[in-house]
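Worksheet: one structure, shown below.
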Amino acid sequence: MNVIFLILILFLVGAIVTAFAGKWSSLLQDGLFILAVTIPAVLFFTQVEMNQLVGWTRGGIHLELGLTPFSYFFAILVLLLGVASAIYSVGFMHGKARKSYYYFNYLLTIMAMLGILFSRDFISFFVFWEIMTWASYLMVVMNGTRTQEIGIKYFVFSAIGAYAMLMAIVLIHAQTGNFLIQDFIDTYPSLAHGRQILIPILLLVGFSVKAAVMPLHVWAPGSYAYSPMSFTSVFSGALSKMGIYGMVIVFVTLLSHLPEGGLIRDIIAWMGAMTAVIATLWAIAQDDARKLLAYSSVGQLGYIVIAVAIGTPMAMLAGLFMAFMHGLFKGALFMVVGAVEKQTGTTDFTKVTGLIRKMPWTFLTALISIIALAGIPPLGGFIGKWMLYESLILSDHYLLVIVAFFSSTAAFLYAYKFLFGFFLGQEEEEWADVKEAPITMLIPMLALAVGSILLGAFPQLILKPINNGLISLGFSDSYGKLWETSTLFNEWGDKVVLQPIIYAIMGVFLTTLAFTYFRNRKRTRYVSTKDISTSGEIPLAHENLTFKENFFQPFLRAVEPVMKKQIDWYYREFGAGLEAIFNFTRRIYSGNGQTYALYAVIFLIVLLLLNGNLFGQ
Amino acid sequence: MREKATTLYLGPQHPGITGNMMVRLKVEGDTIVKATTEVGYLHRAFEKLAEKRNWLQTFTLMCRFCVPEPDPMEESYSRAVEAIEGRIVPERAKYIRVMMLELARIGSLLLWHAGQAGSTGLYTVGQWTVGDRNYILDLFEELTGARIYHMYIWPGGVRRDFPEGFADKVLKTMDYLEGRLKDYDNLMFENSIFQKRTQGVGYVSPKQIIERGVVGPVLRGAGIRSDIRIDDPYEVYDKLDFKIPTETSSDIWGRALVRREELRQSIRIIRQVIEKMPEGAIYNKVPNPQKWTIPPGDALARTESSRGEIGFYVVSDGSNKPRRVHLRGAAYVHAMTLLEDVLVGQNISDVSTIMNSLGTCAPEIER
Amino acid sequence: MQNDSRSQKIVDIIQAYARRHSLWILAYGTGCGAIEIPSTMTSRYDAERLGVRGAATPRQADVLLITGYLTVKTLKRVIRVYEQMQSPKYVIGFGSCAINGGMYWDSYNTIKMLDQYIPVDVYISGCMPRPEAVLSGFGKLQDLIKAGVADGPKRYEENFDWYRANQKKIIKNWNFADYNW
Amino acid sequence: MEILQYIFGGIITFLLAFVVGMTFGGTRRKIIARIQNRYGPPIYQNFIDAFKLFSKTSAVHHGAMHYMGPAFLMVSSVVSLMFIPILRDGGWFPNLNFHGDLIFLLYMMVFGSLGMALGAGQTGNPNSAIGVTRGLAQMVGYEIPWIMALVAMMIQFHTTSITGLMDVQLQSGTWNLFASPFAFVAAILASLGMFRYAPFNIVGAPAELASGPASENGGKYLFTMMSSHSVFAFVKLTLFADLFLGGAGNLVELLIKTFLLYMIPVLYGVVNPRYRTEQAVRWFWGWPTVFGIIAIAYAVWST
Amino acid sequence: MDKGKRFDTIRARIKENFVLSQDKIYADKNRLDISVSKQRTPAILFFCKEQLGFIHLMHVGIVDWIEDGTLELVFMLWSPTEKLRVYIRTRLNRENPVMENMDMIWPQLNTYEREFKEMYGIDFKGLIAAEEFLLEDWDGPPPMLRDFDTEAYAQEVFHTRPGREDAQDVREAIIKRSQEEIPDFAKKYSRQ
């Protein structure tokens, strides 16, 4: 049996076995679960060879699976996060209900993502895509909180994406006669102009939903926030990148042949930019860590979309590097939230406070990941941001730089809020006996944080696979030009050398820290956070000294006249529209078999019309 | 159970507070959702101590009631005592008293300039005005021998006549001050940032102001022309020509404009006083303070200070000690209840500005 | 450094110089004497030329100015503020009220002797002390620092129990954390 | 050996920046005092203050971040300093200016705010947290015109490195102040916010927040923060001199240029009260941003 | 006199509605004194404020008449239009001072009542305010009552600096200490 099949089947078998193992022993189930992730992962990294295709034909349809260098890069991300999050899940799900359900869907999701990356034909691609969607949907509704609203949003938007994609696939089949991706790419330049525009747009709609590009991002905040945190780190860190994966392929292979390709790319880049800005502003306004990170994920995906939409070699490198970094730090941050949720029972900033001395390692993870998120050197986040800005300036997208930089600076606000919200501030009585998270949760978190540090010093570890993937997609070898040993170049010849930066930062940091720590060490005493200068007054017991409510009100008040109206309008209108869609879907899924049949007929008619003379031959 | 809103303590040790008092602010974001004033940090029990002191010893206590301008306190106490006893004050003393009161008003308004500007971060004006206030204090010093607590206006008149050339010195100081006012205008009142910080902030509705019995520039800033100097004239104010400025906006800006104009009117009054002042005695001598008894009776003497009316209610039971001296400061009625209302919904940045604008003076509540 | 007494001496001299030429006073107008502080700090008297300037919070301040009488309620805050200050720290008692209660000598709510409750380095007499007197008080404090006798924190530490007993005698509800030295 | 050279040069540069920054701060106090009709402290007063803070014999801490906040602040200023050319030919200040570019510097310079904010957060003082929210909001405000000015320069001269921008001025013989005047205006207006003098001293506004994030920091922490601020002032001034005034060939030139630049925020600050936070942020998105857009348009048009 | 006439009308209008225990006009001092029982006080205050235009409460004086066993409250009203004063006096039993809360008539009465409650122990029924006003952790009797001896309390509680208690002539002490002569100008103020 081919190793690719083996991996997928192992996942599937593992999912089923793990799900049932819970009946006998919880410990056995945990062990099986970890094995079910790690064994295929090890198999993948040791056994799978590049560009090795497996295909078979059934009923006139030829299906193919294989690994390209480009999907190899995404597979690294998926498996890395998959394994880390799986170990974390064991700790996180300990003692929680519906563990089997969780494990089953988790494994299924990982399998589906790998399946997508393996797929070399549209049918298997679509099938895995749908498995991924369904499995993650089941995760979103798992907690049972606000399932109606959140689940249906996710479902509806996924359905929109799926239909768009399905339509594209049908159109493609009509053109090429088979479902092979490569065949379609080869025939694409010879298609009619209308088709040439329609098919990529339909595909992009499908991918944009997963990548949460505005205006198709409405599902994302809720779904990220309300699925179990251990899963969200995969959901936001890896699953959303499947959209990026698809988008890059569309951009590179299809739109580059199209005269209007530049325009479409620019539009998508601007959509990404608006996503970044608006989601960032919304993230600033959140009081719940899960929602804050959810909006932040949408915003960060916005940058990635900007980068891949611009599509110069350096922007592509930047986008994919940021995608990987986002997987690392956002995965870690969601794990942090999960740890806090597990230990305190809530993720509300206004409730939890001052955990730094209770959960120091969790705080360390959060600190490193936040620094990476904010794009501060020397961590990996900076390298992505640097390449993004340089490529935007060099490709004459001046306003995009400003917008991207604005949301990147504004991201500092929610980054600070996240750290301050949980870990800093007053240490309150009610959280006095909070313990550090269990070791199974700490290790994956810290591992991801270490990854962020590592990529700051040695970005070539991941830039090289990215470059290989891009070469396989037909890009020139930008690796050699843009990246020499620990030096970032742009095409104007400006450079950033990483080693001196790291040495300088570490040197100054440690020196100053040593100074502040050792100066008067003996006469420096620890005082509790209650002993602060409260203007001489003695605080009463019930008085709250941590500033949490309406945290960034002055900033939000400043952006109010510029943004508030639009955000309000946007969300009100969109909310109203959404409600209409919900009502509509409720009617669609009426449970009446006859109606379903009717829909099928309507859908077929639409397809036929589209396939027919509507767009010309 | 922990409260939702954050508690901020404005005072007692805080650069933004106007005196030794505390405002307990509950904030959500930048907005104040609840404000509670707490006083009592300065309670020295003057009124209690007055029980054991004779009429003149009490006088030295009473001028220490609220420190920015002690002269209206001296004036009120003296006038209340005179009213019960029926003691006549010589005409010249009345003019000198008016001059003292107006000089004190100028000094206090200059200090207010410093507070109001400093609370918005404009320290230069504060440095200038407090520096220029020293010239007023120099005049006090020359006339009375003290910078702050003069104990100069006392029952029966004033304690000392003008030294030689003093009137000219006063006029010269007034000329100097009038020249300086342009500088303050340039930096403070014509500064667009100061205007932005004050216009529309700290609004109190005129209805509320009347209900609460708020007095002084706050009342006049709400468009009500009310001033003890005109409504219930004392000393020689009815013989002098001056205007009572009013503004209708009832915000910090309006009150600031009122005070700005009052400073100019005070300079005008002082010039008139110097001009019209008659020669003659300055003091209707009181007997030996230990034996000085005052017939039974009570009186309320009100004086318009720079912060509003100050009332002294003095009761005598016929002995050589006052039965009761009860003080009513300008800020007594509004410093707590009104401040608590006004601050709700305001920005944290504006608390200090509002307190300065309302003329909150903690010792007037506590005594 | 510890053994080399000469270099230690030089460091000590520089330290003493820096300490006496950089006195940050805590912005706490405890009593009516606070009215002369603006005059002292501003243009005519300009205490900043001596290195005296205001500090907003006790952690940053060097000098605690007790400007006049202290009521029992304020004393409680003053003790808290004093204990939050970082040593070396100095206390200046300002005006007659701080020395012996002044005219409030028989008041039931003001303390009469400040040095019973916190260690005082310099008293400035007067009601009010004029700005010149305040400046000379600062000068006196500078002399004391130079002579090395302005050791309030040390006295407080050594006689901590005595001070605490005095404080607790008049402050009935001691609802803040005890100071651990 | 190269590393030793860098360390040695770094220390010298730091000392220079410390001394110059402190002296400038003292000069500022003197100038303000003179405007306020006062004699003012000696211009070396800041050194005395700093040494006094350094020699405080006791300190408190509220936890690990309390130590790390000032350290982060120091990292921001000193590392930025090391990546900025002090003189055109390096000379005694062999720093790392060929190893980083403007975008790196942008991030390095904002890093201090975030680091200090974390340190302030650990203290648990609500004033600190409020000050931090104000500071971050203001930062988002002034970063917009600032990045616009920088992007305009980058577009106009086709380089993102500071040394590149200095070379451009050397070759053309004109300062960038004249070559791209709008960028200069936008950058200078943004710098008003960076220096945090009035009217943008909203972070530690004493009458409102009792010195904000620094509320709980005295002694050694305040010393670190004070040195860092001084160094950072020098960093900003040198950066402006490098970008717009052609850099400096020798120390005297550098001091004159930086001092003149320093006078802009100082003198603007003396006569103005403080903005409220949202007013300040909006101010930066008004005229400064307009100038920034004009600068970009001018740069696109002129290339 | 015109003022007297206006006072007469005011007194007449008050008398139409209320029974007064005593009243007196001091026309030269612009004031009309009215004494009422404490039960009628809120009503008459309200009447004066709403009907007669005495909208400004200048002050509320309180006097402890320990000999009579009463506490006298004096509400001093001012009419900005008439420019006249009305003093409304009422007496409370000193042993058990109880009165109705009146801060709905003038909100500033809230502050006054809080003070009187703390300083004189007057119980205002229905007053909503914090327990403590000026005194913190005070466990003694209401301090402003005349039978509270502040000097004895101060002597007992506070440390007093020596040299104060004998109230000696300071000049003599100075002479003794420093062998100085009293300057001539100062001699006439000397007690001898």
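Note that the structure is a prediction, hence the values are computed from the model and not measured. In the text below, chain A, chain B and the rest are named by the order of the sequence lines, each starting its count at 1.
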Below 4.5 Å, heavy atoms only, C-beta onward: do B:Leu187 and B:Trp128 meet side chain to side chain? yes
Charged N-O contact under 4.0 Å between B:Glu28 and B:Lys4: yes
Check each atom of A:Thr534 against the heavy atoms of chain B and say whether the ones under 4.5 Å are side chain, backbone, both or neither. both
Answer yes if the side chains of B:Ser349 and B:Asn347 hold a donor-acceptor pair under 3.5 Å, and no otherwise. yes
Of the listed A:Asn544, A:Leu545, A:Thr350, the one with the largest count of heavy-atom pairs under 4.5 Å with chain B is A:Asn544
Side chains of A:Thr280 and A:Ser407 only: does a donor on one sit below 3.5 Å from an acceptor on the other? no
Which one wins on heavy-atom pair count under 4.5 Å against chain A: B:Ile348, B:Asp30, B:Leu10, B:Ile17? B:Asp30
Salt-bridge present (B:Arg197, B:Asp350; N to O < 4.0 Å): yes
Mind ranking B:Val27, B:Leu8, B:Thr31, B:Thr6 by heavy-atom pairs under 4.5 Å with chain A and telling me who comes out on top? B:Thr6
Can you tell which part of A:Glu428 gets under 4.5 Å to a heavy atom of chain B, answering side chain, backbone, both or neither? side chain
